Amino acid sequence: ARGDISDEHWNIVGPLLPPERGRGCRPSHDNRRFFNGMLYALRTGLPWRDLPAEYGNWNSVHRRFRRWCAQGVFDLILETLVELGITDDWKIQMVDSTSVRGHSQAAGAKGALKEGFGRSRGGFTSKIHARADGQGRPLGFVLTGGEASDYNAVPDLLAIPVGKPRLFLADKGYDGDFLREELLIHGIRPVIPPKANRKNPPACDFRAYKDRNRIERMFNRLKQFRRVATRYDKTRKSFSAFLALAAAKIWLPYFVNRT
């Protein structure tokens, strides 16, 4: 079906998935079949109960998805692809954020604030903070409520275990002494336009800053997946897993084209 994983991509992802054993006398279904079902849910945003029968029983696919979430399988896939994708483009990294609207059935549960939902004039929203490389490929994410400041997510974004860049691009929302000092201490040059209210604004390399549009385009690619563009998942763990899966889909073509 359209959107299913190709043979070339499966040769990369398949070995990263845990082997499944049957329950009792029932045989284990093919990982690839269930994985394609998860990709279908990611692309279309449909409820699990409406999953086409060609991907297997919807409840079996959902249970395996939840089990892989608990095991951190999707995070491991993204981390592995990031480690294998080390290139000269790591000399530049950038951060930014985007907000997504939470579906009423996802945000209405008790404890929504703990699951990365926030209140705003538009209702329940979540904010995806991302760190990307020089080509606009995602390196990692931080999930907060939609009303959270971009600057408050900086410590978690810096803690993502990736290689050290030479330049670090961000917009005015990240202009602050803490971030600039932290980057300079580690030998990274900040490329951040200063806010208008700064008395002694630091210099900014606006020629290098032009590349920051790549992370904006990355968010656009992520939101082509409807389950990312609108948050249908109640739990932080499930939504973060779909986010990592979407990021892996962005990474995979680079490996096939390179080989």
Side-chain angles (χ1 to χ4, degrees), residues 78-79 81-100 116 118 120-122 125-224 228-229 240 243-244 246-247 250-251 253-254 257-258:
L78 178 57
E79 291 171 5
L81 295 178
V82 169
E83 290 178 3
L84 294 175
I86 296 177
T87 64
D88 291 339
D89 292 292
W90 283 61
K91 293 180 180 179
I92 299 176
Q93 291 181 15
M94 54 198 78
V95 294
D96 204 356
S97 69
T98 187
S99 295
V100 295
S120 64
R121 287 186 295 178
T125 56
S126 294
K127 183 174 284 189
I128 302 169
H129 307 264
R131 184 171 173 176
D133 72 352
Q135 292 192 35
R137 299 175 298 190
L139 303 176
F141 303 98
V142 174
L143 187 65
T144 66
E147 82 290 350
S149 167
D150 292 350
Y151 199 76
N152 292 339
V154 164
D156 291 330
L157 288 173
L158 294 179
I160 295 174
V162 294
K164 186 180 75 171
R166 184 171 57 86
L167 301 178
F168 194 87
L169 281 56
D171 61 24
K172 288 185 179 180
Y174 296 90
D175 178 30
D177 293 336
F178 165 77
L179 177 57
R180 291 183 181 275
E181 292 172 1
E182 187 70 17
L183 293 174
L184 291 173
I185 288 174
H186 291 87
I188 304 171
R189 183 156 63 94
V191 181
I192 306 172
K195 293 181 179 178
N197 58 358
R198 271 190 175 269
K199 293 183 179 179
N200 298 306
C204 177
D205 184 353
F206 284 99
R207 178 175 295 181
Y209 183 74
K210 290 180 179 180
D211 288 335
R212 201 192 66 83
N213 72 88
R214 295 178 181 178
I215 194 170
E216 302 282 359
R217 287 148 54 190
M218 181 203 74
F219 281 128
N220 180 271
R221 295 177 66 186
L222 286 173
K223 288 187 175 182
Q224 298 302 310
V228 174
S240 297
L243 194 56
I250 292 177
W251 270 97
Y254 290 93
N257 295 335
R258 188 172 61 184

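Just so it is clear, the structure is predicted and the values come from calculations on it, not from any experiment.
Remark: Ile92 CD1 to Leu169 CG distance equals 6.5 Å, nearest 0.5 Å. Here Leu167 contributes atom CG and Ile192 contributes atom CD1; the two are 11.0 Å apart, rounded to the nearest 0.5 Å. Atom CE of Met94 sits about 10.5 Å away from atom CD of Glu216, to the nearest 0.5 Å. The distance from atom CG of Leu78 to atom CG of Leu139, rounded to the nearest 0.5 Å, is 8.0 Å.
Contact record, Pro194 with Asp175: CA-OD2, 3.3 Å, taken as the closest heavy-atom pair. What you find for Leu222 and Ala247 is that their closest heavy atoms are CD2-N, 4.0 Å. Of all non-hydrogen atoms in Met218 and Ala132, the two that sit nearest each other are SD-CB, 4.0 Å. Among all heavy-atom pairs drawn from Leu143 and Ser240, the shortest one is CD2-OG, 4.0 Å.
Inter-residue side-chain proximity for Ile128 and Val228 is flagged as met; some heavy-atom pair is nearer than 4.5 Å. Two residues are said to be in side-chain contact when any heavy atoms from C-beta on lie closer than 4.5 Å; Pro202 and Arg180 meet this criterion. Proximity of Tyr254 to Leu81: side-chain heavy atoms (C-beta onward) are nowhere separated by under 4.5 Å. Taking 4.5 Å as the limit, some side-chain heavy atom of Tyr209 sits within range of a side-chain heavy atom of Pro193. For the pair Asp156 and His129, the minimum side-chain heavy-atom distance is 4.5 Å or more. At least one side-chain heavy atom of Gln93 sits less than 4.5 Å from a side-chain heavy atom of Arg131.
With sequence neighbours excluded, the residues that form a side-chain contact (heavy atoms from CB on, under 4.5 Å) with Pro155 are Phe178.
Among Arg214, Arg217, Arg212, the one residue that satisfies the salt bridge (Lys or Arg N to Asp or Glu O under 4.0 Å) test with Asp96 is Arg212.
At distances below 3.5 Å, not a single donor-acceptor pair connects side-chain atoms of Trp251 with backbone N or O atoms of Gly85. For Gln224 (side chain) and Asn220 (main-chain N/O), a donor-acceptor pair under 3.5 Å exists by modelled atom type. Formation of a donor-acceptor pair under 3.5 Å by the Tyr151 side chain with backbone atoms of Leu179 is found in this model. For the pair Lys127 (side chain) and Ser97 (backbone), a donor-acceptor distance under 3.5 Å is absent. Side-chain N or O atoms of Ser126 include none that pairs as donor or acceptor with a backbone N or O of Val100 at under 3.5 Å.
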### Message
As a quick check of understanding, evaluate side chain to side chain contact (heavy atoms under 4.5 Å, CB included) for Val191 and Phe168, giving each step before the final call.
### Response
CA-CA 6 Å; Val191 181; Phe168 194 87; over 6 Å; no
### Query
Where do Lys210 and Asp205 land on the salt bridge (charged side-chain N to carboxylate O under 4.0 Å, His left out) test, with the steps shown first?
CA-CA 9 Å; Lys210 290 180 179 180; Asp205 184 353; over 6 Å; no
### Stepwise side chain to side chain contact (heavy atoms under 4.5 Å, CB included) check, Gln135 with Ile250
CA-CA 11 Å; Gln135 292 192 35; Ile250 292 177; over 6 Å; no
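Taking the charged nitrogens against the carboxylate oxygens, Lys195 and Asp171 have no contact shorter than 4.0 Å, which rules out a salt bridge.
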Compile the donor-acceptor pairs under 3.5 Å between side chains in residues 181-189 and protein atoms, sequence neighbours left out, one pair per line.
from   : atom 1 : to     : atom 2 : distance (Å)
His186 : ND1    : Glu182 : O      : 2.8

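At most 12 non-hydrogen atoms from other residues, nucleotides or ligands lie less than 6.0 angstrom from CZ of Arg207.
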